[in-house]
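Letters A, B, ... mirror the listed sequences (proteins, then strands); counts begin at 1. Computed from a predicted structure; not experimentally measured.
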Amino acid sequence: MTPASRNIGRLSREFARRELATLVGTTGVRSAVLFSADGFEIASQATDSAAAARLAAIGSSLSALGSAIAAEAGLRDFERTMIESSDGTVLIMRVHGTRAMSLAAVADHGAVLGTLLWATQRCCEALGRIAGE
Amino acid sequence: MNPGVQGEFKIVFTGPMGAGKTTAIAALSEVEPVRTEVENTDRMSHDKEFTTVGLDMGRITLPGGQVVRLYGTPGQARFRFMWDILGRGAAGAIILLDATQAGVLVQLDLFVDAFAAHVPRGAIVIGLGRTHQPGALASDAFAERLEARGFTLPVLSVDVRKRRDVMLLVETLACILEAQTTEGLPS
Amino acid sequence: MDMNDVNAHEREAIQMQTLGIHDIGLPVDASRALHSMLQVLNGRLRTPWQTCHLDRADVLIAHAASDPAVLASWSRGGKPLVLVIDERAPRPTSPFVLRQPIRVMQLMTMLESVAEQLASRPSAVQPRRARNPDSTWMPLESLRQLMARHGDAGPLVATTSDGCGVWIDRGTAYAAVSTLQRLRLGELRVGAFATGPQPVPASAVAFSTFDLAWFVALKGPTELAPWLERGTAYRLRRWPDFGRLGGTSALIELAALASAHAWTPARLAEASCQPIEDVHRFLNAASMAGLVVNAPVTAQPRAAAAATSMWSRFVGDLRRHLGRVA
Ligand SMILES: Nc1nc2c(ncn2[C@@H]2O[C@H](COP(=O)(O)OP(=O)(O)OP(=O)(O)O)[C@@H](O)[C@H]2O)c(=O)[nH]1
Ligand SMILES: [Mg+2]
């Protein structure tokens, strides 16, 4: 058990995994990881668990850098960032809840950008609700 | 890596969680440093409230106009990718350690090996904190460990909350770089 | 070595006298590891080593917790003693210490310095010492002898130039906080150690005799110590802890040069642009604190390079910025 999983009860961890499964069901989405602000994986839908742990750490760095750059520019806090490559997209989005968490979704070129954004946003809202409870 | 050409170079502060990287950079930087600290959920590893997950960045401008960028890394091994990103192209590294932590000699080896790959040979200074606290391992044990592994690197007992002590670390690193240029030229 | 050079062969053969080593008090596995490391190392060291009976040994390797009677009788013979200490044990004051687990590199450096000392004992050290019959070296020599006795000496006291006491008791140094502070700042000289009437005062703080040796030598004679040689190149094996000992920019520069390369005292003075007297004191202090090894004199780096390097400009600028004036 990672220290971060203490943030979210056993039941809601199951719930989180189900929400992530729905997201991964979206066309083109390959994997999804929910992680704490300090880089621990809380729940994931991914074939490679080591890769999910690494994605959690790198995702938390990017979220923190996102917050830093927003602050530098005099903007309010980080909400999301997108890394686009020639064959896919990684979307990192903040989950609003009692604890700081973010979600990373990895999609291949089969994903439609608008759908990916919408589905991830919806997943974050659902996760925010359980984390807030 | 040539400060004469670019007029700018970087020093990396690294070391395990809670060693004082963020504190050291804040003590030395002339501007409010960029921080990427978030809530620490891993109180088993270290009982501190916040932890760096991205980088710290401070700056000092020298009278000659040169700019020294001070980067701090995260401490946990899961952020190793940031060590490599920040270590690349650094003039030197300052490894901070907490003398009271269990397994601190293993941490020494880990960080020396990780950063020796990035900085010019020998451009590493070790700053050892909390040496006056009970259970602290003396700096001699660290120097001997390095010697046994074939490294001759300074291990300096410091309190990074004091600007003067952080200066000592940076000055020592600069002297090592200077000595290397002396050594590098053919006789 | 050039295989065609017969003279080199002959010289080598004369030096190739095997040295005997004996170990006591080590855990069985550590002793076994030591023996196999010796086998591995033989042929790579300048002098061959062989394990032998205690009576024939040139060097004794002993666990720090070995029978004190054996250790005492060994040190009366004046031969080198290598103390083996446990991983987290504090470093004792004897010059040769191996920390467990013993590593090959550590053992190799240690054996080389022990061999060095054995070789230099009768010839190099004695005549030079005879040329210094005056008392200037008394404080350092008395301290050196105390340190070689690895901590069996009872309370001894020396007086500082401001009239305060510095004590040594069973291998640990003691002084008042204010005295230690002034030693650190390089403000005090220390006299020779002798048995004194007063015991160590309860208010005194303990510190390492290596630190004391460093302080004393840095304020000691400006000549090269009798146990060092003008024609030999010296290199730092470990850095002094300037955080604990206090360090001026000049000392940090010397340490940086001497850890990058082996220098004769004169070349180190040239390279650092520092007075030879200061270089002598630095080398004396570093050797007293057990931080120096002699290395073969290779091509000496060109001294003038330092002054023109971009890094020295940088160091200068940095010091001005940091407010640390050399
Ligand atoms: N008492 C004492 N406290 C110290 C000393 N050095 C550092 N500290 C404290 O230790 C803490 C170090 O925290 P940080 O500067 O956040 O450490 P960090 O290395 O950036 O940690 P991470 O970002 O979590 O990896 C601060 O609260 C310092 O005040 C010391 O020598 N003595
Ligand atoms: Mg930090």
Exceeds 12 heavy-atom contacts within 6.0 angstrom, atom NE2 of His35(C): yes
With only heavy atoms counted, which part of Arg237(C) is less than 4.5 Å from chain B, the side chain, the backbone, both or neither? both
Could you check Gln106(C) against Arg145(B) for side chain to side chain contact (heavy atoms under 4.5 Å, CB included), going step by step and ending with a plain yes or no? CA-CA 9 Å; Gln106(C) 195 190 5; Arg145(B) 173 80 153 220; over 6 Å; no
Not counting sequence neighbours, which residues clear side chain to side chain donor-acceptor pair (under 3.5 Å) with Arg88(B)? List them please. none
Which bit of Ile176(B) comes within less than 4.5 Å of chain C, counting heavy atoms only: side chain, backbone, both or neither? both
Evaluate whether atom NZ of Lys162(B) has more than 12 neighbouring non-hydrogen atoms of other residues, nucleotides or ligands under 6.0 angstrom away. no
Among Leu169(B), Leu146(B), Leu153(B), Val158(B), which residue forms the greatest number of heavy-atom pairs with chain C at distances under 4.5 Å? Leu153(B)
Contact between Asp317(C) and Gln66(B) at the side-chain level, heavy atoms closer than 4.5 Å - yes or no? yes
Quick check: under 4.5 Å, non-hydrogen atoms only, which of residues 24-38 of chain B neighbour chain C? Leu28(B), Glu30(B)
Those residues of residues 51-63 of chain B that come under 4.5 Å of chain C on a heavy-atom basis, listed by number, are Ile60(B), Thr61(B), Leu62(B), Pro63(B)
Say you draw a straight line from CD of Glu171(B) to CD of Glu253(C); how long is it, rounded to the nearest 0.5 Å? 7.5 Å
Check whether any side-chain heavy atom of Arg99(C) lies under 4.5 Å from a side-chain heavy atom of Glu147(B), and answer yes or no. no
Test item: side-chain donor near acceptor, Arg244(C) and Thr131(B), under 3.5 Å: no
Between Trp239(C) and Thr152(B), is there a side-chain heavy-atom distance shorter than 4.5 Å? yes
Taking every heavy atom of Ala256(C) against every heavy atom of Cys175(B), the minimum-distance pair comes out as CB-O, 3.5 Å
For Ile252(C), the option from Leu173(B), Leu156(B), Leu168(B) that meets side-chain contact (heavy atoms from CB on, under 4.5 Å): Leu168(B)
Contacts of Arg130(B) meeting salt bridge (charged side-chain N to carboxylate O under 4.0 Å, His left out) (sequence neighbours excluded), chain-then-number -> Asp98(B)
Against chain C, label Val166(B) side chain, backbone, both or neither, depending on which of its atoms sit under 4.5 Å from a heavy atom there. neither
More than 12 foreign heavy atoms under 6.0 Å from CD of Gln133(B): is that the case here? yes
Determine whether Glu144(B) and Arg238(C) make a side-chain contact, defined as any pair of heavy atoms from C-beta on separated by less than 4.5 Å. yes
Would you mind reporting whether Phe210(C) and Asp140(B) have side-chain heavy atoms less than 4.5 Å apart? no
Top contributor to chain B interface from Leu236(C), Asp241(C), Leu107(C), Leu245(C) [non-hydrogen pairs under 4.5 Å]: Asp241(C)
